[in-house]
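Each chain gets a letter, A, B and so on, in the order the sequences are listed, and its residues count up from 1.
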Number of protein chains: 2
Amino acid sequence: MGFMHNPEASTQSTLKARAVILDTTHSHNARLRAVPIDAVHLSDDFWQPRRERNRDVTLISQFEKCRLNGYFDNFNRAAGIKDIAFQGLHWNDSDVYKWLEAAAWSMAQPGAGDELQAMVEQVVVQIEAMQQADGNLHSYFLFDKAEQRFTWLENSHELYCVGHFIQAAVAHFRSTGQERLLQVARRAGDFLHRTFGPAENQLPLTDGHQEIEMALIELARATGEGRYLETARFFVDVRARGGVKPIPQLDHLGLAYHQSHRPLEEQSEAVGHAVRAMYYYCAGADLTLEGDDQFAPAMKRLWHDVTTRKMHITGGLGARHDGEAFGAAYELPNASTYCETCAAIGLVMWAHRMLLLTGEAGYADVMERALYNGVLSGLSLDGTEYFYVNPLENDGKHRRSQWFGCACCPPNVARLLAQLPGYFYSTSHNAIWLHLYAQCTTTVELQDEQRVTLNLQTQYPWQGEISLAIEEISGQSTFALHLRVPNWCANATVEINGEAHTYNRQNGYCVIAREWHNGDKVLLHLPMPAQRVEAHPDVAEDRGCVALQRGPLVYCVEACDQQHDLREITLPATSPLQEQWRAELLGGVMTITAEAWKSGSIDEWQNTLYRPVRSTSGQTVLMTAIPYFAWANREVGAMRVWIPQATSCAACHKNRYHGS
Amino acid sequence: MGFMHNPEASTQSTLKARAVILDTTHSHNARLRAVPIDAVHLSDDFWQPRRERNRDVTLISQFEKCRLNGYFDNFNRAAGIKDIAFQGLHWNDSDVYKWLEAAAWSMAQPGAGDELQAMVEQVVVQIEAMQQADGNLHSYFLFDKAEQRFTWLENSHELYCVGHFIQAAVAHFRSTGQERLLQVARRAGDFLHRTFGPAENQLPLTDGHQEIEMALIELARATGEGRYLETARFFVDVRARGGVKPIPQLDHLGLAYHQSHRPLEEQSEAVGHAVRAMYYYCAGADLTLEGDDQFAPAMKRLWHDVTTRKMHITGGLGARHDGEAFGAAYELPNASTYCETCAAIGLVMWAHRMLLLTGEAGYADVMERALYNGVLSGLSLDGTEYFYVNPLENDGKHRRSQWFGCACCPPNVARLLAQLPGYFYSTSHNAIWLHLYAQCTTTVELQDEQRVTLNLQTQYPWQGEISLAIEEISGQSTFALHLRVPNWCANATVEINGEAHTYNRQNGYCVIAREWHNGDKVLLHLPMPAQRVEAHPDVAEDRGCVALQRGPLVYCVEACDQQHDLREITLPATSPLQEQWRAELLGGVMTITAEAWKSGSIDEWQNTLYRPVRSTSGQTVLMTAIPYFAWANREVGAMRVWIPQATSCAACHKNRYHGS
C-alpha cells in the first residue's frame with residue numbers, strides 16, 4: 001500500500017493548517033484521526049497550570065540555556081554571520097529544534113507572550129539563514145568539517161537533527177498557518193530525497209539515531225508529497241541492510257544498540273538504546289498507518305515485548321545505563337534502572353500512533369501510565385529542572401538539573417506538554433473518542449461538517465468522576481462516544497442524563513452510540529481507590545513488594561515524609577490505605593498513608609552483608625506516599641516506589657492486623 | 001621491609017621441597033605457616049571422593065581436552081617440532097599450566113596413576129623444549145608474531161601465562177622434589193627480571209591480567225631468590241603508573257577494568273574484572289606477608305568492601321557480565337550475576353593469604369563459604385563438566401559445559417581440589433590452627449622438631465560434631481590448638497577428654513593451650529541447624545527473601561524437587577525447617593524441607609506485567625532444598641537460592657502457622 005496522496009495538498013497555497021500532532025486524515029490504515037490541539041481548551045488544575053508554566057517559564061528558561069550554551073551562535077556561525085568555533089555537542093541543533101517545536105505548539109492556543117513569540121521569530125530567521133544551498137541543515141558539518149558530512153552517520157546525528165527540524169517546521173506551520181519554515185523543511189526533505197536512496201548516485205545509508213523517519217512521514221502528511229514518505233521508508237528499509245555501522249565507542253553493544261541488527265519487520269524483542277527504539281517503532285507505526293502492512297505484526301510483537309516484559313510501572317523504559325538500553329525480559333531494577341525521560345516520551349508517541357491505528361484502549365492505558373509517571377517525573381514542579389534518568393528507587397543523591405550537555409530531555413518534556421491536548425481526543429467516522437481525561441471544553445469535527453462541543457468537568461487525576469456535557473451539536477446528531485475505561489479501574493459505571501446506563505465495552509472503551517441533544521449529560525464514574533499493585537514474579541527486585549497506585553498515578557515513599565529510614569519499613573498486606581488531599585503539599589496532591597511495620601534498625605547491619613533471620617519485635621509506624629512524579633522536589637532523601645511487604649511474623653506476632 | 005632471604009635456599013642442591021601451597025616460613029609478616037598437602041590425609045566422604053575423582057577423572061579428561069583443542073600442538077609448534085598454525089586463544093598455554101599445577105599437587109599424595117604421571121612427564125618435556133633461548137615462555141608470540149611480543153600486554157596475557165607456568169613449576173618441585181621445571185621457571189623469572197623494570201633498558205610495563213605477581217613471589221619463596229620478589233613488586237608498582245593501557249575492546253570500562261586506575265595501596269573499592277582483582281589482591285597480600293606494609297591498609301579496605309558489599313552468599317564475586325566485573329555496592333543480582341568460578345577460587349586464595357597474615361577466623365569463614373558453595377558449584381558431580389558463570393537463580397537453561405574456548409575455570413577448580421588439604425591447617429610458633437574441618441589424619445611440625453599427629457573424626461559438612469584425637473606427640477608436649485568456630489555457628493561447645501571446657505575465643509578461634517598427651521581427645525560441637533539467612537536491606541533482589549543455610553552449605557530450591565513452579569512458592573517465616581539425609585540423592589546430601597505456601601499460579605500472569613494485589617486463597621505445599629553446589633546435575637529446571645517469604649496474609653488468613 002502506498003501513501004494516499006492528498007489532492008487538496010498538492011500546491012502550497014491550498015495547504016490547510018490544522019494544529020494536529022499527527023495528521024492521519026489520509027492514512028490508509030488509520031482507525032482514528034487526531035483532534036487539533038487548539039480544539040481542546042483545558043481548564044483543569046493539573047495540566048493547565050503545568051502547560052502555562054511550560055509556556056511562560058520552562059520555554060523561556062530553555063531558550064536562555066540554548067543561548068548560553070552557544071547553540072544559537074552555532075546557527076549564526078553556520079549562516080556565516082559569526083566567525084567563531086563550534087560549541088557543544090554536534091547534535092545540539094536538535095535541542096533548539098525541539099524547543100522550537102514546543103514553542104510552536106504553545107502558540108496554537110492563546111496566551112503565548114510577546115517574549116516567546118519574539119524568540120520563535122529569531123530562531124526561524126536563523127534557520128532560514130543557515131540552510132545550505134543544497135537544502136541541508138546542520139551547524140556542525142560545515143567549513144573544515146564539511147568533508148565529514150555523512151561519513152559517520154552511525155553517531156553523527158546529522159539526519160536526527162534534520163528530523164527534529166522538520167517536526168518543528170510542521171508544528172510551526174500547523175500552529176501558526178505560516179509556511180516559512182515548511183518551505184525550509186521541504187528543501188531539506190528534497191535534499192534528503194535526492195541524496196539518500198538505493199540508486200547508484202545516492203547514499204545507501206541512514207542515521208544511527210532514528211528520528212528522521214517519522215519526521216519525513218509527517219512532512220509527507222503535511223505537504224501531501226509522497227516522496228518524503230518514500231525516503232522515510234528507504235531509511236527504515238536500509239537500516240539493517242548495511243545502512244548503518246556499529247558505533248565504535250559502543251562496540252560491545254553492536255548493531256542491536258541502534259536496532260540495526262535485523263530488519264524492523266522481523267524484530268520481536270525490544271533491544272538497544274530505548275529512545276532510538278521508541279522513535280524507530282514510531283516510524284514503524286507511522287508506516288503501518290500509511291499502509292505498509294508488513295510492519296504491523298512486528299509492531300504488535302514489539303509492543304507486547306515492551307509492555308509485558310520491559311516496562312517499569314511508571315512507563316519508564318531502558319533498564320540499563322550501559323547503552324541507555326533495554327535489558328532482558330523482566331530485567332527491571334529499581335535503583336539502577338535508566339528510564340530516560342525521552343524514552344517515556346517516546347513511549348507516549350508510539351502508544352499514540354498505535355492507538356490511532358487500532359482504536360484499542362490498551363495503547364491509551366500505557367500512554368497515560370507513561371505520561372503521568374515516567375514523563376512527568378522528568379520535570380521539577382517549578383518547571384526549570386529536569387531528570388534525564390528516572391529511577392524507581394534512590395538514596396536521594398539523584399536530583400534534577402537545570403540543563404545537560406546532551407540536553408535532549410528538557411525540550412522533549414516541553415514539547416510533550418505543549419502538544420498535550422492533542423493526545424486527549426480522537427475521532428473516527430462517526431465517533432468521538434476520549435482517551436485521557438481532564439477538565440476542558442472541546443469542539444470536535446466529525447465527517448460532513450458535523451461539529452460537537454463537549455464540556456468535561458472532572459478533578460481527574462485526583463478523582464474519578466467525569467461529567468461530560470454535550471454543549472452544542474451542529475449537523476448530524478447521531479454519533480458515538482467512546483469513553484476509555486482505564487485498565488486500572490475495576491468498576492466503572494455510566495449514567496446518561498441521570499440514569500444508569502449499562503454500557504457496551506469495546507476494545508476498552510465504553511461506547512455510547514445514539515442520537516444526542518444539546519445539554520445531554522454523561523457521567524462516567526471511574527472508582528480510583530488507592531491500591532496495591534504487584535509485579536510479575538520474574539521481576540526479581542519487586543518480589544515480595546507492592547507499589548501503590550491510585551487512578552493513573554503511581555506513588556512512592558520519600559524519606560522526608562517518614563519518621564524512619566525507608567529500609568526499616570515494610571507494609572503489612574492488610575494495612576488499610578488512607579487517602580488525604582493535601583492542598584499545601586507539592587502543589588496539591590492526594591497522599592496515601594498506611595500503618596507500616598518497623599522492625600529492627602538499619603544500623604544493626606553495619607559491616608554485615610548476611611545474617612541469620614532473627615525473630616524481632618517491632619512497632620507500627622505511619623507511612624506516607626506521594627505521587628512518584630513529585631519526588632525530589634523537597635529536601636534530599638531516599639525514595640522508593642516498590643515497598644517490601646511485611647513477612648508473616650513481623651506483623652502476625654503482634655497479632656495486630658488479623659481478626660484471628 | 002625487604003624479602004627475608006632464606007640462607008638454606010641459596011643453592012639449588014640444598015633446596016628443601018615441602019608440598020605447601022604458600023611457603024610463608026620466612027615471610028616477615030606471616031602469623032601462620034601453611035601445612036604441607038602431604039601431611040594431611042583425608043578420609044572423609046565429602047572431599048576425598050571428590051579429590052580422587054579430580055585426580056582420576058577430571059584431570060585425565062582435561063588433558064584430553066587440551067590435546068583436542070591443540071594446546072599441546074601449540075607447544076610443539078613453539079618448540080619447532082611441528083610446523084602448523086597456532087590454535088585457539090593466545091592465552092591457552094595458561095590452561096595447560098594450571099592443569100599441570102593441579103596434576104603436580106595431585107602427586108603430593110599417593111594414588112596418582114601411571115597415566116597421570118605420564119601426562120605430566122610429557123608436558124614437562126614439552127615445556128623444556130619450548131622455552132626460548134632468552135628464557136621466555138609463550139607459544140603464541142613467536143615466528144611471525146615475535147615482533148608483537150610485549151607490544152599489547154594489556155590483553156596479550158603473556159605474563160599471565162608465564163605466571164601460571166611458574167606456579168606449576170613451583171608445585172611440581174614441591175610435590176615431587178624434582179627441580180627440572182623449577183630450573184625452567186628460574187630462567188623465565190630471570191628473563192622477566194632483566195626485561196621488565198624501571199631502568200632505561202627495561203620495559204616499564206605489566207600484564208593486563210594479574211597473575212605473574214603472586215607467581216614470582218612464590219618463586220622467590222621457593223628459591224630464596226629476592227630478585228623475583230623485586231620484579232613482582234615492580235609489576236604491582238608500575239600498574240597504575242602507566243604500566244598498562246586500557247583494553248580497546250573494553251574501552252567503556254577503562255583502566256578500572258584491570259584495577260590500573262589507582263595504585264593498589266590507594267584502592268578502597270573493588271572494581272573491574274573480578275578474577276583480575278582477586279589475583280591482584282593476592283599479590284598485595286603476598287607483598288604484605290613479605291613485609292611491604294604499605295599495602296596492608298588497602299588490603300583491609302578492599303576485603304571489607306568485597307565481603308560486606310559485593311559478595312554473594314555463595315562467595316560468588318562479579319555481579320556483572322559486562323567486564324565479568326564487580327558491580328556497585330550491594331549490586332548482587334541473582335539471575336543475572338556473573339560469579340565466575342575462577343573469581344570464587346581467587347577469593348579462596350586471597351582469603352588464605354589474609355588468614356596466614358592475620359590468624360583471624362573471619363578470613364577462613366569467607367574461604368569456607370566460597371569453597372563449599374561458589375567454587376564447588378563450578379564442577380559437576382561426575383567431575384567432567386563446569387560452570388564458568390554461577391548464578392544464584394536460573395530458569396534451568398544454564399548448564400555446565402565440558403570445556404570452554406577460554407577454559408580458565410576447569411583447571412582452576414582441579415587445581416584447588418588438588419591443593420585442598422593445604423588449606424585445612426596452619427601452624428604458628430607453638431600452635432596448630434584448624435581452619436577447615438574434614439575427617440583426616442594429619443602430622444604437623446611445629447618449631448624445634450616438635451611433631452604432632454592429629455586424628456580428626458567428623459561427618460562435616462553434614463554434621464557439626466568434630467572429634468579430635470592427639471595421636472602422637474614427639475618433642476615438646478605443650479602447645480595450643482586453635483579451632484575455628486565458624487561465624488555461622490551460634491553455640492559452639494568444647495569438651496576435653498569428656499569434660500566440658502569453657503574456651504577462650506580469640507579472633508574467632510577456640511584456643512586451647514595446654515600440655516597434651518597421646519590419646520587426648522577434644523570434642524568440638526558446632527551445632528548446625530538449618531537456618532534462614534537474610535541479606536542487607538540494600539541488596540534489592542533479596543528483600544523479603546531468605547536463603548537457607550546449614551553449616552557452611554548454602555541451599556537452593558531446584559524445580560525437580562518441587563511439585564510446583566518455583567515462582568508460585570513462598571516460605572512462611574514460621575514454617576519449621578526439617579533436615580533429612582538422602583544417601584541416594586546427588587551423591588548423598590542433607591536436604592532441607594519445609595511447608596511452603598502456594599497462592600495463585602504463574603499462568604495467571606500471562607501477558608501481565610503488573611496487576612492489583614488480590615486476596616487469594618492458597619495451599620500448603622512441601623518445598624525441598626538441596627545444597628547449592630549440587631544443582632544442575634539432574635534434569636533441566638529452574639533454581640533459586642533466595643526464596644521469597646510469605647507476606648502476612650497469605651499465611652495468616654489460613655491461620656495455620658500461628659498460635660493465636
Side-chain angles (χ1 to χ4, degrees), chain A residues 248-252 304 307-309 311 313 322 327-328 330-331 333-336 393 488 490 531-541 543-547 549 567-568 570 572-574 602 605 607-613 615 644-653 655 657-658 660, chain B residues 248-252 304 307-309 311 313 322 327-328 330-331 333-336 393 488 490 531-541 543-547 549 567-568 570 572-574 602 605 607-613 615 644-653 655 657-658 660:
Chain A
Q249 302 92 313
L250 296 169
D251 192 45
H252 63 295
H304 186 259
T307 59
T308 69
R309 299 190 196 106
M311 181 182 74
I313 193 171
D322 184 29
Y330 306 110
E331 180 184 336
N334 293 314
S336 69
E393 176 176 331
W488 50 257
Q531 55 187 346
R532 291 169 167 81
V533 177
E534 59 186 347
H536 189 289
D538 283 339
V539 182
E541 287 200 10
R543 282 180 199 149
C545 296
V546 291
Q549 186 171 341
R567 295 169 295 182
E568 298 169 350
T570 59
T574 48
I602 191 71
W605 279 97
N607 300 328
T608 305
L609 187 50
Y610 305 105
R611 70 178 189 195
V613 173
S615 132
Q645 295 194 79
T647 51
S648 51
C649 284
C652 298
H653 280 170
N655 196 23
Y657 296 104
H658 306 285
S660 63
Chain B
Q249 301 92 312
L250 296 170
D251 192 45
H252 63 294
H304 186 260
T307 60
T308 69
R309 299 189 196 105
M311 180 182 73
I313 192 171
D322 185 29
Y330 306 110
E331 180 185 336
N334 293 313
S336 70
E393 176 176 330
W488 51 256
Q531 54 187 347
R532 291 169 167 83
V533 177
E534 60 185 345
H536 190 289
D538 282 339
V539 182
E541 287 200 10
R543 282 182 199 147
C545 296
V546 291
Q549 185 171 343
R567 295 169 293 182
E568 297 169 350
T570 59
T574 48
I602 191 70
W605 279 98
N607 300 328
T608 304
L609 186 51
Y610 304 104
R611 71 178 188 195
V613 173
S615 136
Q645 291 189 266
T647 51
S648 50
C649 283
C652 299
H653 279 168
N655 196 21
Y657 297 104
H658 305 286
S660 62

*Asks:* Out of B:Glu331, B:Glu534, B:His252, return the one with the most heavy atom pairs under 4.5 angstrom to chain A.
*Replies:*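 Heavy-atom pair counts peak at B:Glu534.
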*Asks:* Which bit of B:Thr608 comes within less than 4.5 Å of chain A, counting heavy atoms only: side chain, backbone, both or neither?
*Replies:*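 Backbone only.
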*Asks:* What residue, out of B:Asn607, B:Asn334, B:Asp251, has the most heavy-atom pairs lying under 4.5 Å from chain A?
*Replies:*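 Counting heavy-atom pairs under 4.5 Å, the top option is B:Asn607.
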*Asks:* Show the numbers, then the answer: is there a side-chain contact (heavy atoms from CB on, under 4.5 Å) between A:His304 and A:Arg309?
*Replies:* CA-CA 8 Å; A:His304 186 259; A:Arg309 299 190 196 106; 3.7 Å; yes
*Asks:* Taking side chain as everything from C-beta outward and backbone as N, CA, C, O, which of these in B:Glu393 sits under 4.5 Å from a heavy atom of chain A? Side chain, backbone, both or neither.
*Replies:*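 When you check distances to chain A, only side chain atoms of B:Glu393 fall under 4.5 Å.
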*Asks:* Tell me, for A:Pro612 versus chain B, whether the close heavy atoms (under 4.5 Å) come from the side chain, the backbone, both or neither.
*Replies:*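 Contact with chain B is through both the backbone and side chain of A:Pro612.
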*Asks:* Sort out for me which of B:Gly544, B:Ala540, B:Pro537 touches chain A most, counting heavy-atom pairs under 4.5 Å.
*Replies:*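 Most pairs with chain A among the choices: B:Pro537.
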*Asks:* Among B:Gln249, B:Glu568, B:Arg567, which residue forms the greatest number of heavy-atom pairs with chain A at distances under 4.5 Å?
*Replies:*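 Winner by heavy-atom pair count: B:Arg567.
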*Asks:* Report the C-alpha separation of A:Leu609 and B:Val539 in whole Å, then their side-chain angles, then the decisive distance to 0.1 Å, and conclude whether the side-chain contact (heavy atoms from CB on, under 4.5 Å) test is met.
*Replies:* CA-CA 9 Å; A:Leu609 187 50; B:Val539 182; 4.0 Å; yes
*Asks:* Given heavy-atom pairs under 4.5 angstrom as the criterion, report whether the side chain, backbone, both or neither of A:Gln531 touches chain B.
*Replies:*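 For A:Gln531, the side chain is the part near chain B, not the backbone.
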*Asks:* Can you name the closest pair of heavy atoms from B:Ala573 and B:Arg532 and give their distance?
*Replies:*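 Minimum heavy-atom contact is O-CZ, 3.3 Å.
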*Asks:* Given that the side chain runs from C-beta out, which part of A:Leu250 has a heavy atom under 4.5 Å from chain B: side chain, backbone, both or neither?
*Replies:*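 When you check distances to chain B, no heavy atom of A:Leu250 falls under 4.5 Å.
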*Asks:* Is chain B contacted by the side chain of A:Asp322, its backbone, both, or neither, given a heavy-atom distance below 4.5 Å?
*Replies:*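 Answer is side chain: those atoms of A:Asp322 sit under 4.5 Å from chain B.
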*Asks:* Can you tell which part of A:Ser336 gets under 4.5 Å to a heavy atom of chain B, answering side chain, backbone, both or neither?
*Replies:*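 Interface part for A:Ser336: neither.
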*Asks:* Can a donor-acceptor pair be found, under 3.5 Å and without considering hydrogens, that links the side chain of B:Tyr610 to the backbone of A:Ile313?
*Replies:*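 Judged by distance alone, yes, a pair lies under 3.5 Å.
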*Asks:* Considering only heavy atoms, which portion of A:Ala535 lies under 4.5 Å from any heavy atom of chain B: side chain, backbone, both, or neither?
*Replies:*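 Both backbone and side chain of A:Ala535 come within 4.5 Å of chain B.
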*Asks:* Does any backbone or side-chain atom of B:Ala335 lie under 4.5 Å from a heavy atom of chain A? Answer side chain, backbone, both or neither.
*Replies:*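 Contact with chain A: none, neither part.
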*Asks:* Once you round to the nearest 0.5 Å, how far does NE2 of A:His536 lie from CZ of A:Arg543?
*Replies:*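 A:His536 NE2 to A:Arg543 CZ: 10.0 Å, rounded to 0.5 Å.
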